[in-house]
There are 2 protein chains.
Amino acid sequence: MATVNRPGGADGHVCGIDTAMEVIGGKWKVLILWALHQHPGRRFGELRRLLPGVTEKVLASHLREMEADGVVRRVSYDEVPPRVEYSLTEDGVRLNDALQPLADWGRERAAAPST
Amino acid sequence: MATVNRPGGADGHVCGIDTAMEVIGGKWKVLILWALHQHPGRRFGELRRLLPGVTEKVLASHLREMEADGVVRRVSYDEVPPRVEYSLTEDGVRLNDALQPLADWGRERAAAPST
DNA sequence: CGGTATCCGAAATGATACTG
DNA sequence: CAGTATCATTTCGGATACCG
């Protein structure tokens, strides 16, 4: 997990929300979560195409952080050419599920912008 | 709302999650949401004390963005000395509720770090 | 194919001083 | 009290080139 200066970190935080925010706190992470939930066992290049605009560097670093956070599983097959597949862990699936109400809130708000 | 380069923005995003992520996409925003949910009608200085480490500038700009996003309501009483109270709007309360599963996920994970 | 290394610019945050 | 203004710093993400 990245070592950042968490708001409520030092003296113990009041709710678990900031813990979760760190895990999803990258520009593409929730999209990676979403993509891997819909398309398990995705290869690096495929994932890249599923997320238009992401660069190799950022995708790779996000995936490594998410792997370190235990939400993404990386499976490397020792073949030529190399093949690597990414999926969500159980915890990653639960995280994605926990994101659902937030997605609903966002969709509702998009549907009713004013009043 | 802040104008950022949203991942799925240009061609329409797949889920509402990134819309929500923008609204809570500030270092202290979820904590502000949480604090205002537990302590409605909080004044600027009180809020600042509720969020140890936040600076005036960041708190003020976050509050203004959240107000613009319609999740925070600012009420200014024309008195001397000045008094301003912040609360969540209905939408802000819903957002905070939508954050609950995420907070649960974070708390569970803190409780069970490894398996 | 699946990455890593380096450099760079933008954006977010922080420190401090000042104001109505 | 409740901010704003300015400047410094940090962090993140993007572009590009290269490697096993």
Side-chain angles (χ1 to χ4, degrees), chain A residues 1-10 18 21-32 35-36 41-69 72-87, chain B residues 1-10 18 21-32 35-36 41-69 72-87:
Chain A
M1 185 181 298
T3 306
V4 297
N5 178 21
R6 291 189 299 172
D18 43 325
M21 288 304 294
E22 282 187 38
V23 178
I24 60 175
K27 187 169 177 181
W28 304 87
K29 288 190 181 178
V30 297
L31 272 345
I32 292 173
L36 286 181
R42 234 50 187 179
R43 303 178 63 167
F44 187 86
E46 294 175 319
L47 216 35
R48 194 148 109 83
R49 277 184 287 280
L50 284 174
L51 306 172
V54 73
T55 62
E56 298 166 327
K57 179 203 164 190
V58 171
L59 179 56
S61 76
H62 278 188
L63 283 171
R64 264 182 278 106
E65 288 176 9
M66 295 171 80
E67 195 190 352
D69 283 336
V72 162
R73 174 168 23 244
R74 193 191 106 119
V75 178
S76 173
Y77 299 88
D78 199 5
E79 305 174 353
V80 176
R83 181 161 62 102
V84 176
E85 290 184 356
Y86 292 93
S87 317
Chain B
M1 182 182 298
T3 306
V4 298
N5 176 23
R6 290 190 298 173
D18 42 325
M21 288 304 294
E22 281 188 38
V23 177
I24 60 174
K27 187 168 176 180
W28 305 87
K29 289 191 180 176
V30 298
L31 272 345
I32 292 173
L36 287 180
R42 236 47 189 182
R43 303 177 63 166
F44 187 86
E46 294 175 319
L47 216 35
R48 192 148 111 80
R49 276 185 288 280
L50 284 174
L51 307 172
V54 72
T55 61
E56 298 166 326
K57 180 203 165 193
V58 171
L59 178 57
S61 76
H62 278 188
L63 284 171
R64 266 183 278 104
E65 289 176 9
M66 294 172 80
E67 195 190 352
D69 283 335
V72 162
R73 174 168 25 246
R74 192 191 107 119
V75 178
S76 173
Y77 300 88
D78 200 4
E79 304 174 354
V80 175
R83 181 161 62 103
V84 176
E85 291 183 356
Y86 293 93
S87 318

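Only a predicted model underlies this, so the values are computations on that prediction, with no experimental measurement involved. Convention: sequence-line order gives letters A, B, ...; per-chain numbering from 1.
Atoms CG (A:Leu59) and C1' (D:dC12) sit 15 Å apart, rounded to a whole Å. Nucleotide D:dG13 holds its P atom 14 Å from the CG atom of B:Asp18, rounded to whole Å. Rounding to whole angstrom units, CD of residue A:Glu67 and C1' of C:dG3 are separated by 13 Å. Whole-Å rounding puts the A:His62 NE2 to C:dT4 C1' distance at 16 Å. Going from atom CG of B:Asp78 over to atom C1' of D:dG3 covers 15 Å, rounded to whole Å. Atom CZ of B:Arg49 is separated from atom P of D:dG3 by 13 Å (rounded to the nearest Å). Distance A:Arg43 CZ to C:dG2 C1': 9 Å, rounded to the nearest Å. Rounded to whole Å, the distance from CG on A:Leu51 to C1' on C:dG2 is 16 Å.
Residue-level contact check: B:Tyr77 touches neither bases nor backbone, having no heavy atom under 4.0 Å from any strand. Within the nucleic acid shown, B:Arg48 has no heavy atom closer than 4.0 Å to any nucleic acid atom.
In this structure, the helix from C:dC1-D:dG20 to C:dG20-D:dC1 shows an angle of 50° between the axis at its start and the axis at its end, each fitted on 5 base pairs and rounded to 10°.
Of the candidate nucleotides C:dT4, D:dG3, C:dT13, C:dT13 has the atom lying nearest to any side-chain atom of B:Lys27. Closest to the A:Val58 side chain, of the nucleotides D:dA2, C:dG2, D:dG13, is D:dG13.
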- Query: Could you write nucleotides 15-20 of chain C as a row of B, S and -, 5' to 3', where a protein heavy atom under 4.0 Å of any base atom gives B, of only sugar-phosphate atoms gives S, and otherwise -?
  - Reply: B-B--B
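Taking all atoms of both residues into account, the shortest heavy-atom contact from A:Gly41 to A:Ser87 is N-OG, 3.3 Å. Looking at every heavy atom in both residues, A:Arg48 comes nearest to A:Val54 through NH1-O, 3.6 Å. For B:Val84 against B:Ser76, the heavy-atom pair with the smallest separation is CG2-OG, 4.1 Å. Contact detail for A:Val23 and A:Lys29: the closest heavy-atom pair is O-CD, 3.1 Å.
Remark: B:Arg42 is not positioned above the aromatic ring of B:Tyr86, lacking an NZ or CZ atom under 6.0 angstrom from the ring centre and at most 45 degrees off the axis.
In summary, A:Glu85 and A:Arg73 do not engage in a salt bridge, as defined by a charged side-chain N under 4.0 Å from a carboxylate O.
OP1 or OP2 of D:dG3 has not a single side-chain nitrogen or oxygen of B:Arg64 nearer than 4.0 Å. Contact between the side-chain N/O atoms of B:Tyr86 and the OP1/OP2 oxygens of D:dC1 is not found at any separation under 4.0 Å.
Checked by atom type and distance alone, the side chain of A:Glu65 never pairs as donor or acceptor with a backbone atom of A:His62 at under 3.5 Å.
Counting heavy atoms from C-beta outward, A:Trp28 and A:Leu59 have side chains that stay 4.5 Å or more apart.
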